[in-house]
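Some notes on the structure that comes next.
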Amino acid sequence: MVALTLPDGSVRKFDKPVTGAEAAAAIGPGLAKAALVIRVDGKLMDLSRPIERDSKIAIVTSKDPDALGILRHDCAHVMAEAVKELFPETQVTIGPAIENGFYYDFARDKPFVPEDLGRIEARMKEIVKRDEKITREVWDRDKAVKFFKDLGERYKAEIIRDLPEDEEITLYRQGNFIDLCRGPHLPSTGKLGTAFKLTKLAGAYWRGDSRNEMLQRIYGTCWPDEKQLKAYLTMLEEAEKRDHRRLGREMNLFHLQDVAAGAVFWHPKGWTLYRTLRNYVRRRIAANGYVEVNTPQMVDRSLWEASGHWEKFRQNMFTAEVEDGVLALKPMNCPCHVQIFKQGITSYRDLPIRMAEFGACHRNEPSGALHGLMRVRAFVQDDAHIFCTEDQITAETRAFCTLLSSVYKDLGFEDVTVKFSDRPPMRAGSDATWDKAEAALKDATKATGLETQLNPGDGAFYGPKLDFVLRDAIGRDWQCGTLQVDFVLPERLDASYIGEDGAKHRPVMLHRAILGSFERFLGILIEHYAGKFPLWLAPVQAVVATITSDADDYAKKVLAALGDAGLRAELDVRNEKINYKVREHSLAKVPVMLVVGAKEAADGTVAVRRLGGKAQEILALKEAVARLMEEAAGPPAGR
RNA sequence: GCCGCCGUAGCUCAGAGGUAGAGCACGCCCUUGGUAAGGGCGGGGUCGGAAGUUCAAUUCUUCCCGGCGGCACCA
């Protein structure tokens, strides 16, 4: 006798063990048809497996959030089957479900070409049409290894060999295709549907290790129905439209050029945006007790040896030989800040010292890592180092978390999470010190009300850290801010202060950045706003456009009034129709247009048109300027 | 760095073993038009770089540089 409790609390009794499929059929024929897998006491299982004991069950259909992963995993299997049919010499490896889809890694001498994707996709649809039954088999380990070896599938054999001793070896068979898999799977390939698409081709290292051979990865996306597939593809198109590299060109913000790979040519408008952001951060940190400094670009090798960078970071550093040694372009500012700290004698009364620098750093990133503004070789950090006592870590971290949250909010990001990385196995500093530092970070995030996720053992060897992640307008996460406690660098570079007791003590250093790098953050900001910046950030805040040349003189007066009010405005008196001008400045994403014709010139007014808006508002020039000025002032500094 | 794809006008892209074309942009002319493209004419390219094959290479081959998508990297 088996009693199965359904999600609604009702109990079904069977006089012998039943399979998930039978249980679903007993509940109703509609459900039996829609059933994909079954959840038994919280664990997902194949419908074909018998349920021997009293359990809580739920039939999982495509509406269930758990179904998506199964669907995508199955899609990977169907793709592997299609590939094996079309290219029998290919070896299969692994193929998991991932966010929005799945991939499968294949090993073969001849790489796939983009045209293959269409063929594979067509064959996948055939396999779905065949509606092959998917069956689960439990195999003996050695037999399974031999079986795959004999098939020439050496990767699969390797995976089985490396599975933990106590793990059951299960194989899934669909048609002529058999694959090692933990499952669960759909009852048959027909249940997959056809809402999938192969999206890209890529190389990927076997087992994710760059010392291993490279496999061919095929990515795909897969959804419960065509509508969701289409929605996803549309979302991708939207993301492409707001790509910062594209908007950077269209809005004439910056360009990248092969003569300086990984470095940015900022155009006037982009540089205005950059400076606006930098000025904003400058105001905010000044109001929060930071002092700003500036330190050398190129520093002698000896300092990097002392700081430990030469040993740990050498490959990423640009160097230049000079007559009496080697200089390195700084990849970070911290050693230089310690040099400033060390000038003269510092008393405990002077602490904390919050030393900020918009420091230009260079890192020799691998060529394949470069990506628009997001990953560059030359960048400027909104960097600062807080020199303080251990007792001050809590208050400083709290203040930083508050400042950071407020900055993100001002810049349009409300959704912020924190990753907290605590002590790694190999570390410097005593356990008591780590206890204190970790407690301080934990306390600070809690006090600020930030949602925190623990990354155990992921801290740097020199101290625990917080990483701040923000979510953008289309749901993507970006790690930007950071706060790292450092017990080691002050020691290595011999920084000290005089304590209350008159003796020398080591300060603690907090490395911290809110934006990370201006370059990357601007990339994120461009995509977040899709180029439509709020007025205070917009590089061109307003365009004064004339309807006919009769209004030219008045338009110049309007422009001057805007300029006097500190607004970034441009004039468009070209011999073009107003429709043309409106279209052009709209595409350039200028937030405000002030349209003036003979009427406005006579009345001393302007017709205000907001980007994307249909309505226009006629205002007296003075009134319009006053309103825009207020709006363009941006967030206040003193918080 | 690794795998794959790509590099033709400022941009988006077509093309072919016999030194190139479209649309938009740009310049000039006409047009003075009230909220997302008015019309005409015109200028513009060592076809990413180097070498090789060939009577002839921008086209085919190799190498290099750069871009794109991943992977690896991001103390």
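Note on naming: letters A, B, ... go to the chains in the order of the sequence lines (proteins, then strands), and numbering restarts at 1 for each one.
Nucleotides G15(B) and G7(B) are separated by 15 Å at their C1' atoms, to the nearest Å. Rounded to a whole angstrom, the distance from the P atom of C71(B) to that of G38(B) is 45 Å. Comparing U53(B) with G45(B), their C1' atoms sit 26 Å apart, to the nearest whole Å. With C1' as the reference atom, U59(B) and G48(B) are 15 Å apart, rounded to whole Å.
G70(B) atom P lies 19 Å from atom CZ of F106(A), rounded to whole Å. In this structure, NE2 of H267(A) is placed 14 Å from P of G10(B), rounded to the nearest angstrom. Rounded to whole Å, the distance from CZ on R574(A) to C1' on A37(B) is 12 Å. Rounding to whole angstrom units, NZ of residue K577(A) and P of C30(B) are separated by 16 Å. Regarding I218(A), its CD1 atom lies at a distance of 14 Å from the P atom of C5(B), rounded to whole Å. Atom OH of Y103(A) and atom P of C3(B) are 19 Å apart (whole Å). Rounding to whole angstrom units, CG of residue D550(A) and P of G34(B) are separated by 12 Å.
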Find every protein N or O atom lying less than 3.5 Å from an N or O atom of nucleotides 12-15 of chain B, and list the pairs.
from: U12(B); atom 1: OP1; to: R249(A); atom 2: NH2; distance (Å): 3.4

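One distance of note links CZ of F387(A) with CE of M509(A); it measures 4.0 Å at 0.5 Å rounding. To the nearest 0.5 Å, atoms CG (L587(A)) and CE (M251(A)) are separated by 11.0 Å.
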Review point. Would L621(A) and Y554(A) satisfy side-chain contact (heavy atoms from CB on, under 4.5 Å), going step by step from the backbone distance to the final call?
Key: CA-CA 11 Å; L621(A) 174 58; Y554(A) 178 64; 3.9 Å; yes
**Study point:** Verdict with supporting geometry, K465(A) and D422(A), salt bridge (Lys or Arg N to Asp or Glu O under 4.0 Å)
**Key:** CA-CA 7 Å; K465(A) 63 171 180 174; D422(A) 63 9; over 6 Å; no
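Residue R375(A) places a side-chain atom within donor-acceptor reach of the base of C73(B), judged by atom type and a 3.5 Å distance cut-off alone. Taking only distance into account, the side chain of Y205(A) never meets the base of G70(B) through a donor-acceptor pair shorter than 3.5 Å. Side-chain N/O atoms of Q257(A) and base N/O atoms of G67(B) include no donor-acceptor pair closer than 3.5 Å.
Pairing analysis of RNA chain B (Watson-Crick: purine N1 to pyrimidine N3 plus N6-O4 or O6-N4; G-U wobble: N1-O2 and O6-N3; both under 3.5 Å) yields stems of 3 or more pairs at B:1-7 with B:65-71, B:10-13 with B:21-24, B:26-30 with B:38-42, B:48-52 with B:60-64.
A607(A) comes within contact range of at least one nucleobase, with a heavy-atom separation under 4.0 Å. Among the atoms of the strands shown, only primed sugar atoms or phosphate atoms (P, OP1, OP2) are found under 4.0 Å from some heavy atom of S210(A). Nucleic acid contact for K599(A): base, since at least one base atom lies under 4.0 Å from a heavy atom of the residue. No contact: R108(A) has no heavy atom under 4.0 Å from any strand. Using a 4.0 Å heavy-atom cutoff across all strands shown, L587(A) reaches at least one base atom of the nucleic acid. Contact annotation for A202(A): base contact, defined as any heavy-atom pair under 4.0 Å involving a base atom. As judged by a 4.0 angstrom heavy-atom cut-off over every strand, P111(A) is placed among residues touching the sugar-phosphate backbone only. No engagement by A460(A) is indicated, since no non-hydrogen atom pair under 4.0 Å with the nucleic acid exists.
Each of L201(A) and E365(A) lies near RNA chain B, and the nucleotide nearest L201(A) is the one positioned closer to the 5' end.
Using a 30° and 60° split on the angle between ring planes, Y408(A) and F521(A) fall in the parallel class, below 30°.
No donor-acceptor pair closer than 3.5 Å links the side chain of R363(A) to the backbone N or O of N316(A).
Side-chain N/O atoms of H371(A) include one lying less than 4.0 angstrom from OP1 or OP2 on G69(B). Taking side-chain N and O atoms only, Y580(A) has no distance below 4.0 Å to OP1 or OP2 of C24(B). Side-chain nitrogen and oxygen atoms of R609(A) include at least one within less than 4.0 Å of the OP1 or OP2 phosphate oxygen of A36(B). Under 4.0 angstrom from either OP1 or OP2 of G70(B) there lies at least one side-chain N or O belonging to K200(A). Regarding contacts with the backbone of U32(B), every side-chain N or O of S549(A) stays at 4.0 angstrom or more from both OP1 and OP2. Considering only side-chain N and O atoms, R217(A) lies nowhere under 4.0 angstrom from the phosphate OP1 or OP2 of C2(B). Note on N579(A): every side-chain N or O is 4.0 Å or more away from OP1 and OP2 of U35(B). Side-chain nitrogen and oxygen atoms of R520(A) include none within less than 4.0 Å of the OP1 or OP2 phosphate oxygen of C74(B).
In this structure, a donor-acceptor pair under 3.5 Å is absent between the side chains of T295(A) and Q339(A). Checked by atom type, the side-chain pair K599(A)/T605(A) shows no donor-acceptor distance below 3.5 Å.
No cation-pi contact links K589(A) to Y529(A), judged by a cut-off of 6.0 Å to the six-membered ring centre and 45° from its axis. Taking the ring axis of W310(A) as reference, the NZ or CZ atom of R314(A) stays within 45° of it and closer than 6.0 Å to the ring centre.
Annotation: K342(A), atom NZ; neighbour count of heavy atoms from other residues, nucleotides and ligands within 6.0 Å is above 12.
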